[in-house]
Every structure is written in C-alpha cells, then in structure tokens.
Amino acid sequence: MKWKGSLKSINIKTLALITGVLFVLMLALRFYQLTALTDPATGFFTDHANVTVILFYVLAVGSAVGIVLLAYLASGMGVGKTEDARSLPLGITSALFAAPLAMESVSGFRALFANLSSYYGFKDAVSAMGGYISVVAPAFALLASVAMLLNGVSFLTGKPIIRKLKLLLLCPTLWAFFKTIAYFKITASYVKVSQLMMTIFADAFLMLFLFEYARFISGIGIKDSVHAFYGTGFVAAFLLLATELPNLYFTLFAREKLIVNCDFGLYNLLAALFVLAALLYAAKHAVPETADEEPAE
C-alpha cells in the first residue's frame, strides 16, 4: 500500500489549519510558563510537578512529529513544480531575511579581525573564538545573505534568476547548520531548559526547510520530497514563531523575563515570515499531481 499522499481528507489547507491551532495552543502555553513558571537565570521550570510541564513536552514533540507525518500522508501536494510568477510576500521576506544574515556575517568577521590583532597567530585567534566554526560560520552567513537577496530579487521581478544558482541556494542551509551546532557549546541541560530546547529545534527545522527550499526552487528531486518541503516548513514556522514571539515581547516590555542564552533573534522571526511566504507561494502556484509535466532540472 502506498502511504505517501494516501490521506484524502488532509490537504495543504487542512494541514495549515491544524498547524495554526497547535501554534495558538503552544504560544499561550509558552507565555504562561515563561512568565509564571520559569526561572530566567537558569531556564529551569520552578515547579516540575505542574501539569503544563508534561503538556509542553507532549505538545512540542507531538506537534512536530504529527505535522511531519500528516504532511507525508496528505494529498494534493502537487508535483513540486511551480509556475514562474512574481510574489511580493516571498520577495520582500527573502530580502528582509537577508539583512540579519549580513549583520551576523559582519559581526563574526569583526570578532575574527579583533582577535587576530590581539593574538600572535591565526590559530591562537581561532582558538580564542571557540574553534574554526566561528570562522566558517560568518562566511556562510554572508553567502546565505547573498542567496536570500537574489531570491528576493527573483520573486519581486518574476525572473527566476535564483533557480540557476543551485550551489548558492545551499548556503542558507549550511549557515543554519553551523548556527544550530553552535548551541551545543553552551553548558546547559538542553532538555530541562525548555526555551533553549525550542530554539535548537526551531533552528534545526529551519535548516531542514532551507534544504528542501533549495531543492524546490532548483527543481532537483522535489517530486519525491514535496511532502518533506511542506512538513519541515510548517514545523519550522510553528517552532520559530512559538519561540521568538515571547522573546520579542519580553525584549520590548519585560527584559527581566528573558531566559539566559535565549535572547531575541531577529533572524528567526524574519525566517519564520520567509518560510510562511514560501509555503504560500508553493501552494498558490503548484502544478497539480495530475499534470503530465515533470519537475524542471
């Protein structure tokens, strides 16, 4: 029996609705826990017996697994090919997402040059920064920024420039990979510090979606992975927004509530808007599964 796309009662709209309901529940739960049940200095829950603690882990893990599974089983996902069309939401969010990537690159290179002037050699400077990841990450942040900027130009003009730049499209994925593994330099219990756990998983799913987006735009093997495109996209948006919206609120109105090592990340909030715009574009311009055309290579 073929399982992929076999659930006729679930399509993209239904999946979006389910994700939206789960997001509202998670957002309400996180605001309650972060304001009344979490120690900002450690990130630990102050009352582990509270019923919402187990509810958080069930909702966080269950939502991610459930959305990916439903995306795999859902029907009407199309063949992964889309028409070349202008998209203001995708173009604008791509350009906005490029900005914090460029800022992160500049910050990383400044730190490197500052360390080079303070130490006797390159190796000592790199060691002081925490290893070669601190050198490679700014480079991929810069390339990722260029990729997102060209992606924005492509969809603002309706000219598919970015579709031809297959290797450049992988750079945002590699940037997200280095961003994710950098969290493991933090000495903390990643499971017990709920906000840090959410941040790590949000960035991990963003990395997976950026890889699927690169396949989607370039047309490489997307026919077999279109379900993964939607699954990782909906989970990434769900986790990114559930993590960063509370961080944004606390940054603006109650900084004392921010969890240690979990400051507001502008890149994550803008990444969430980019993911949503990409999902909307894909759903709006998808070639249906009944079409005879094959995805462009």
Side-chain angles (χ1 to χ4, degrees), residues 64 68 80 90 93-113 122 125-127 129-155 160-186 190 196 199-222 224-225 228-233 235-237 239-240 243-244 265-275 277-279 282 297:
V68 169
L90 185 52
T93 56
S94 296
L96 289 175
F97 185 25
L101 295 177
M103 292 167 59
E104 184 172 310
S105 177
V106 170
S107 177
F109 282 125
R110 279 181 176 174
L112 175 61
F113 294 144
F122 180 77
V126 170
S127 178
M129 292 180 64
Y132 284 97
I133 288 178
S134 301
V135 179
V136 177
F140 279 108
L142 178 60
L143 292 171
S145 176
V146 173
M148 285 295 106
L149 188 59
L150 290 176
N151 192 72
V153 171
S154 294
F155 287 100
I161 307 167
I162 196 64
R163 293 188 188 274
K164 301 176 183 179
L165 305 175
K166 295 177 174 59
L167 289 178
L168 186 62
L169 275 169
L170 288 175
C171 291
T173 305
L174 293 170
W175 160 79
F177 169 75
F178 289 116
K179 190 73 176 177
T180 302
I181 64 175
Y183 288 112
F184 295 100
K185 295 190 295 183
I186 299 173
Y190 306 110
L196 182 58
T199 303
I200 292 172
F201 276 100
D203 281 0
F205 270 97
L206 174 61
M207 174 186 67
L208 293 173
F209 174 75
L210 289 172
F211 176 73
E212 294 300 336
Y213 180 78
R215 299 179 69 184
F216 174 79
I217 293 300
S218 62
I220 298 177
I222 189 62
D224 297 322
S225 65
F229 171 83
Y230 285 105
T232 57
V235 174
L239 292 173
L240 289 167
T243 302
E244 293 306 328
L266 178 61
Y267 72 93
N268 265 344
L269 186 60
L270 295 179
L273 298 180
F274 161 73
V275 172
L279 292 173
E297 293 293 339

Starting at [atom1] of [X], measure out to [atom2] of [Y] and round the result to the nearest 0.5 Å.
| X | Y | atom1 | atom2 | answer |
| --- | --- | --- | --- | --- |
| R163 | F216 | CZ | CZ | 7.0 Å |
| T93 | N151 | OG1 | CG | 8.0 Å |
| I217 | L90 | CD1 | CG | 6.5 Å |
| L170 | L165 | CG | CG | 11.5 Å |
| I200 | I181 | CD1 | CD1 | 12.0 Å |
| L96 | M148 | CG | CE | 12.0 Å |

Indicate yes or no: at least one non-hydrogen side-chain atom of [X] is less than 4.5 angstrom from one of [Y].
| X | Y | answer |
| --- | --- | --- |
| W175 | E104 | yes |
| L270 | P100 | yes |
| L279 | F209 | yes |
| L101 | L143 | no |
| L206 | N268 | yes |
| E212 | L208 | no |
| S105 | F109 | yes |

* Stepwise, does the side chain to side chain contact (heavy atoms under 4.5 Å, CB included) test hold for F274 with L269? -> CA-CA 9 Å; F274 161 73; L269 186 60; over 6 Å; no

- Query: Does Y183 have its ring centroid less than 6.0 Å away from the ring centroid of Y190?
  - Reply: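 When the ring centroids of Y183 and Y190 are compared, they turn out to be at least 6.0 Å apart.
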
- Item | Ring centers of F177, F140 separated by less than 6.0 Å |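 Ring centroids of F177 and F140 are no less than 6.0 Å from each other.
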
Taking every non-hydrogen atom, the tightest pair across [X] and [Y]:
| X | Y | value |
| --- | --- | --- |
| F229 | A278 | CZ-O, 4.2 Å |
| F155 | I162 | CE1-CG2, 4.4 Å |
| L169 | T173 | O-OG1, 4.4 Å |
| P160 | S154 | C-OG, 4.2 Å |
| L149 | A98 | N-CB, 3.9 Å |

**Report entry** Heavy-atom donor-acceptor pair, T232 side chain to F205 backbone, under 3.5 Å
**Finding:**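 Flag not set: sc T232 to bb F205 has no pair under 3.5 Å.
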
* Asked: Is there a donor-acceptor contact under 3.5 Å from the side chain of S107 to the main chain of M103?
  ->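 Looks like no, no N/O pair under 3.5 Å.
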
Practice prompt. Give a yes/no verdict on a cation-pi contact between K179 and Y267, requiring under 6.0 Å between NZ or CZ and the six-membered ring centre and an angle within 45° of the axis.
Written response: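 Here K179 passes the 6.0 Å and 45° test against Y267.
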
L240/D203 under side chain to side chain contact (heavy atoms under 4.5 Å, CB included): CA gap, chis, key distance, verdict: CA-CA 8 Å; L240 289 167; D203 281 0; 4.2 Å; yes

